[in-house]
There are 2 protein chains.
Amino acid sequence: MHATSDDRRAISRELVELVFQVTGRLREGFTRAAADLELPPAQAQALVSLQGSARMRDLAEILACDASNVTGIVDGLEQRGLLTRQPDPADRRVKHLVLTEEGERRRAALLAQNAQAADEVFDLPERDQLALRDLLKTLVPDGRHGSCGPRP
Amino acid sequence: MHATSDDRRAISRELVELVFQVTGRLREGFTRAAADLELPPAQAQALVSLQGSARMRDLAEILACDASNVTGIVDGLEQRGLLTRQPDPADRRVKHLVLTEEGERRRAALLAQNAQAADEVFDLPERDQLALRDLLKTLVPDGRHGSCGPRP
DNA sequence: TATTGTTATACTCTATAACTATA
DNA sequence: TATAGTTATAGAGTATAACAATA
């Protein structure tokens with residue numbers, strides 16, 4: 001007995017379903033963590049994406065959205081006192097985004113809560129975790145790692 | 001040598017990343033398929049969710065959104081000639097959503113293109129597909145199957 | 001001329017509340 | 001009173017185009 005291509009197609013439908021279920025749980029976790037900190041999802045996403053000093057342009061790249069959106073998102077974070085816009089001494093067009101202490105705290109809280117949700121979702125014996133990781137790795141083109149965080 | 005809980009946490013971060021990469025590819029496929037048919041994502045999602053005759057209320061349930069949104073989405077599909085609102089003879093409050101021939105064609109095209117994207121993403125030896133499915137199944141609470149399609 | 005960030009504007013998606021017509 | 005669908009409205013999120021300041 002061997003698998004027909006119909007069988008394989010049926011399995012791949014099932015895999016789509018399962019993978020969306022898992023992502024849905026992770027996304028729920030992120031959205032809840034953001035809501036707990038009273039942050040709109042887009043601001044929360046920007047916050048976890050920021051580290052050290054990034055330019056507006058960099059953030060737009062990271063968030064994979066148009067630069068015009070970043071203005072509003074950063075406005076929100078600035079109004080909440082979570083970051084400041086700092087001028088670049090060498091190029092007066094650019095602004096550097098620097099997290100405040102409170103911004104760093106909220107960022108750490110978001111990451112921690114997100115990590116906890118992930119631990120709950122991927123609560124498997126280590127052998128299975130590793131097997132799952134290796135299988136997923138074969139699906140993802142190399143070098144694309146780290147380009148995309150949890151999108152609410 | 002045994003795994004510390006730090007190791008396990010590191011693996012679960014990696015799993016989050018991988019699973020979002022995979023979902024991202026699937027979602028891209030869906031969005032592209034919708035765009036090819038000149039449908040906004042929500043309308044495309046509604047279209048693939050419709051089969052036979054569903055009431056507005058049912059569609060809201062399936063899409064997991066408020067009933068008030070469904071009006072607009074269905075308006076769009078009706079204006080494009082992809083479905084009609086049919087009265088219910090027994091209860092004059094309810095309307096049944098019935099796909100037109102063109103609606104069925106577009107729906108089939110969407111499903112086919114979506115399926116092809118899935119086949120490309122999950123292009124593995126069958127043994128690995130089955131292993132992946134079984135691992136993912138252990139992560140997803142039973143009975144939640146089929147509740148959620150590809151969300152753009 | 002090209003680039004950084006901003007503003008103005010518009011479209012989509014989603015939610016709440018008030019409304020209608022039925023039941 | 002309760003339900004099915006609609007309308008009005010509002011708030012995120014995202015996109016394009018035009019703009020000012022700077023390179």
Side-chain angles (χ1 to χ4, degrees), chain A residues 24 27-28 30-32 34-35 37-47 49-50 53-80 83-98 148-152, chain B residues 24 27-28 30-32 34-35 37-47 49-50 53-80 83-98 148-152:
Chain A
R27 196 164 35 193
E28 271 174 38
F30 184 80
T31 305
R32 198 171 336 109
L37 294 173
E38 298 184 342
L39 290 173
Q43 286 181 37
Q45 183 64 48
L47 191 57
S49 305
L50 285 171
S53 165
R55 304 176 310 152
M56 300 285 285
R57 219 66 190 178
D58 299 333
L59 185 53
E61 181 96 8
I62 292 167
L63 298 178
C65 71
D66 192 86
S68 61
N69 303 317
V70 176
T71 300
I73 293 170
V74 168
D75 282 350
L77 290 170
E78 195 171 32
Q79 278 161 26
R80 289 168 208 264
L83 61 72
T84 58
R85 287 167 158 104
Q86 303 287 350
D88 181 317
D91 184 340
R92 287 194 296 177
R93 290 174 306 178
V94 339
K95 289 168 189 170
H96 292 275
L97 306 173
V98 181
C148 171
R151 287 293 160 76
Chain B
R27 196 164 37 194
E28 270 175 39
F30 184 81
T31 304
R32 199 172 334 109
L37 295 174
E38 297 184 342
L39 290 172
Q43 287 182 35
Q45 183 64 48
L47 191 57
S49 305
L50 285 171
S53 165
R55 302 176 313 153
M56 301 285 286
R57 219 67 191 176
D58 300 332
L59 185 54
E61 181 96 9
I62 292 166
L63 298 177
C65 72
D66 192 86
S68 61
N69 303 318
V70 177
T71 300
I73 294 169
V74 168
D75 282 350
L77 290 170
E78 195 171 33
Q79 279 162 25
R80 288 167 209 265
L83 61 72
T84 59
R85 287 165 157 105
Q86 302 287 350
D88 180 317
D91 184 340
R92 287 193 296 176
R93 289 173 307 179
V94 340
K95 290 168 187 169
H96 293 275
L97 306 173
V98 180
C148 169
R151 287 293 159 75

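Labels below follow one simple rule: chain letters A, B, ... track the order of the sequence lines, proteins then strands, and each chain is numbered from 1.
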Near DNA chain D, under 4.0 Å by heavy atom, which residues of residues 89-97 of chain B? Arg93(B), Val94(B), Lys95(B)
Output yes when at least one side-chain N/O atom of Arg57(A) is less than 4.0 Å from OP1 or OP2 of dA2(C), else no. no
Scanning both residues in full, the closest heavy-atom pair of Leu50(B) with Ala54(B) reads CD2-CB, 3.9 Å
Could you tell me the separation between the CD atom of Glu61(A) and the P atom of dT4(C), rounded to a whole number of Å? 11 Å
So which protein N/O to nucleotides 16-20 of chain D N/O distances come out below 3.5 Å?
from, atom 1, to, atom 2, distance (Å)
dT16(D), O4, Ser68(A), OG, 2.7

Tell me the interatomic distance from Glu78(A), atom CD, to dT6(C), atom C1', rounded to whole angstroms. 13 Å
To the nearest angstrom, the CE-P distance between Met56(A) and dT3(C) comes to 18 Å
If you look only at pairs with a residue in residues 55-73 of chain A, which of them pass as a salt bridge (charged side-chain N to carboxylate O under 4.0 Å, His left out), with sequence neighbours excluded? Arg55(A)-Asp58(A)
Could you tell me the separation between the CG atom of Leu59(A) and the C1' atom of dT6(C), rounded to a whole number of Å? 15 Å
For Leu63(B) and dA15(C), give me the distance from atom CG to atom P, rounded to whole Å. 11 Å
If you compare all heavy atoms of Arg80(B) against all heavy atoms of Pro40(B), which two are closest, and at what distance to 0.1 Å? NH2-CD, 3.3 Å
Considering all heavy atoms, the nearest Pro41(B)-Phe30(B) contact: O-CE2, 4.1 Å
Spacing of Ile73(B) atom CD1 relative to dT12(C) atom P, expressed in whole Å: 12 Å
In whole angstroms, the gap separating C1' of dG5(D) from CG of Asp58(B) amounts to 13 Å
Residues Leu97(A), Met56(A); criterion side chain to side chain contact (heavy atoms under 4.5 Å, CB included); working and verdict: CA-CA 7 Å; Leu97(A) 306 173; Met56(A) 300 285 285; 3.6 Å; yes
Side chain to side chain contact (heavy atoms under 4.5 Å, CB included) between Lys95(B) and Val74(B): does it pass, once the steps are laid out? CA-CA 11 Å; Lys95(B) 290 168 187 169; Val74(B) 168; over 6 Å; no
Choosing from dT12(C), dA4(D), dT6(D), which nucleotide comes nearest the side chain of Arg55(B)? dA4(D)
Could you tell me how far apart Phe30(A) (CZ) and dG13(D) (P) are, to the nearest whole angstrom? 11 Å
Nearest heavy-atom approach of Leu47(B) to Leu77(B) is N-CD1, 4.4 Å
